[in-house]
Amino acid sequence: MTLLPQLLRKQLTLALEEADAEIPEGFQVAISLATDARFGDYQSNSAMILAKRLKQNPRELAQAVVDAGEWDGLCETPEIAGPGFINFKVTTEILQKHTLSVFIDGHLGVPQAATPHTVIIDFSAPNVAKPMHIGHIRSTFIGDCLNRVARYLGHKVITDNHIGDWGTQFGMIIYGWKKYLNKEALAEDAIRELVRVYRQVNAEAKADEAVMQECRDELVKLQQGDAENHAIWQETVDLSLDQLRSIYDWLDISFDHYLGESFYNDRLGPVVDELIEKGLGEESDGAICIFFRDIPALAEKPAIVRKRDGGFNYATSDLATIDYRISEWNADKIWYVVGAPQQLHFQQIFAATTLRGNDVNMTHITHGSILGSNRKIMKTRDGDNVQLLDVLKEAVERAKVLVVEKNPTLSDNEQKDISEAIGLGAVKYAELSQHRMTDYIFSWDKMLSFQGNTAPYLMNAYVRTRAIFRKLDGNVTFPDTITLEAAGERNLAIKLAQFGETVPDILNDFRPNLLANYLFELAQTFHGFYEECPVLKSEGNTRASRLLLCELTSKVLKQGLDLLGIRVTDRM
RNA sequence: GUGCCCAUAGCUCAGCUGGAUAGAGCAACGGAUUUCUAAUCCGUAGGUCGAAGGUUCGAGUCCUUCUGGGCAUGCCA
């Protein structure tokens, strides 16, 4: 199916040719949404841009193009406005036809990717033996949303949770496990007990060098394959993963793989050997480094792939990971949803990958930080750090109070189900409706707000559509023609047509908030329609058309929210 | 020191490739409901887009400088 702006662009391009305008090489006419409803539905500034290049009067050029064009059946005669905008208002017939085709389309008007890619998305990546805190929601929710969108657009996506399951902290954990572990506490809440043990050992090791040394020894034994230590490590990882998975399940986020750092342990040495062999790895101050002398920004920023003590670090691990993803999964794109502080690291990794002769397309999808009340990044050690699970539970509890109040007759199970959809949805929406680059200060009230531009607002629009169909007796048959007369109907139809324009845009710059914004506008438009246009009390064609609009709104809201990872319920 | 990001209404934020009179939500005030679910709708009020220059027919958006924040800058990830 063809989107409305595509139809207009085609027609405008033809008009330019008809008007004998000189079109410079590479010039493409652009159609965008009207910035204001009184300008029509869509607008183009192409005449102004072209006039500038051709040194002509923009309004005259616009007029000539409009006069030369053939607009019948597509839109009303375009109007020239301001310095030379061409404003379009599509005809009711076209809009009606288009609405029906979106309604019938299995993808609600969202075009499929012209060239599907195999995309690896690397996101969330928590450390084991530590609880996920509020800072993890950005990578986790954005990554999950991009996964859903990319799949919806027809790409082959492989999600991989590159968990931090191998590192120096295991020396202390193993030492503490052997000495201080409370098995009962471990059974009750494994991560909490591991954190308790870790903190205790950490404090002890700081004060006592002998303890520190014992921790190092435990780590060395682990790395050398000591059976007991390996078993402790394995159990730690398993327990942590159980707990992480239960949170992901609750959030309806799934990964195809959980290949953490430990998985690549045996592959690190060979990577470094190969780098040395190819002349890319050089010794420097006892370490093996990759230098990027041809890249000005990185000229003085080598990547260390083997430390002076012979150990490897995360640059090595990431290179091994890339190798695996290319050779085993045939990745042609890799998206890293990781915070902005790691920019330099990824620049180095990407440059190294190019030097090694791989042409996989890699993107570091950065995001800002969640700050504490002191405007500093929330760190695990900070006292005011907020655990993710606590936020989720609080959100669901606050939602429950409202759900019970508004739906006293529903069963406990239904109330629980709705409360979870609302609470978890609100937290996800709070994150995803924000531009990913901006830093923001964590606020319970903002994160858990249910009023205004929030998930419950969108969910409520959906619930209103479902309520209408619940009241209908018998089966609904949707018409194969519709009429759009009232302003509310037309506005809604135009807004619905934009779903297919919005979804692909998300991946241009990896911006889930574009979808969130669109869905908010759709819900607003629907609420307006709902006030203005009674459905069940209307009759004939009007009623049938409105029912269809409601059903289409319902589908788009449900699908759109699903792309954000937010679930809808029929009541709330 | 160098590099990256950010600064928009009282508060929290949109504003994609420069486009028309800069928009939402929250908070404030005034209205609408014996409802197709008011978690809603309509209205009022609120701005020299951090500062100063520059490019352009046109700048919140691009360039330069400055101020104020955040982050990164070789052996933690």
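Chain letters run A, B, ... following the sequence lines, proteins first, then strands; residues in each count from 1.
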Record whether the side chain of [X] comes under 3.5 Å of the base of [N] through a donor-acceptor pair of N or O atoms.
X	N	value
A:Asn87	B:rA20	yes
A:Gln524	B:rA24	no
A:Ser449	B:rG25	no

Quick one: which of [options] gets closest to the side chain of [X]?
X	options	result
A:Lys52	B:rC41, B:rG18, B:rC36	B:rG18
A:Tyr530	B:rU37, B:rA20, B:rA14	B:rU37
A:Arg308	B:rU40, B:rC75, B:rA14	B:rC75
A:Met437	B:rG74, B:rA20, B:rC5	B:rC5
A:Asn517	B:rG25, B:rC75, B:rA14	B:rA14
A:Ala467	B:rC36, B:rA77, B:rG74	B:rC36

Below 4.0 Å: OP1/OP2 of [N] and any side-chain N or O of [X]:
X	N	result
A:Gln451	B:rU40	yes
A:Tyr457	B:rC41	yes
A:Thr438	B:rA14	yes
A:Lys446	B:rU12	no

Have A:Ser554 and A:Glu551 got a donor and an acceptor in their side chains that come within less than 3.5 Å? no
With a 6.0 Å cut-off on the ring centroids, do [X] and [Y] count as close?
X	Y	value
A:His527	A:Tyr457	yes
A:Phe263	A:Tyr324	yes
A:Tyr264	A:His162	yes

Lys/Arg cation over aromatic A:Phe499: A:Lys555, 6.0 Å, 45° cone: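 No, cation not above the ring by the 6.0 Å, 45° rule.
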Using side-chain heavy atoms (C-beta onward) and a distance below 4.5 Å, is A:Phe350 in contact with A:Tyr336? yes
Heavy-atom side-chain proximity of A:Ser32 to A:Asn45 below 4.5 angstrom: no
Reckon [X] touches a base, only the sugar-phosphate, or nothing at all at heavy-atom distances under 4.0 Å?
X	answer
A:Arg466	nothing
A:Leu514	nothing
A:Ala297	nothing

Consecutive Watson-Crick or G-U pairs in runs of at least 3, all under 3.5 Å, in which RNA chain B is involved: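 RNA chain B forms these stems: B:1-5 with B:69-73, B:10-13 with B:23-26, B:28-32 with B:40-44, B:50-54 with B:62-66.
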Hey, is A:Phe520 doing a stacking thing with B:rA24, by the 5.5 Å centroid and 30° angle criteria?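 Base of B:rA24: not stacked against A:Phe520.
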Start at the 5' end of RNA chain B and walk down; is the nucleotide closest to A:Glu300 or to A:Gly82 reached first?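 Comparing both residues, the 5'-ward one is A:Gly82.
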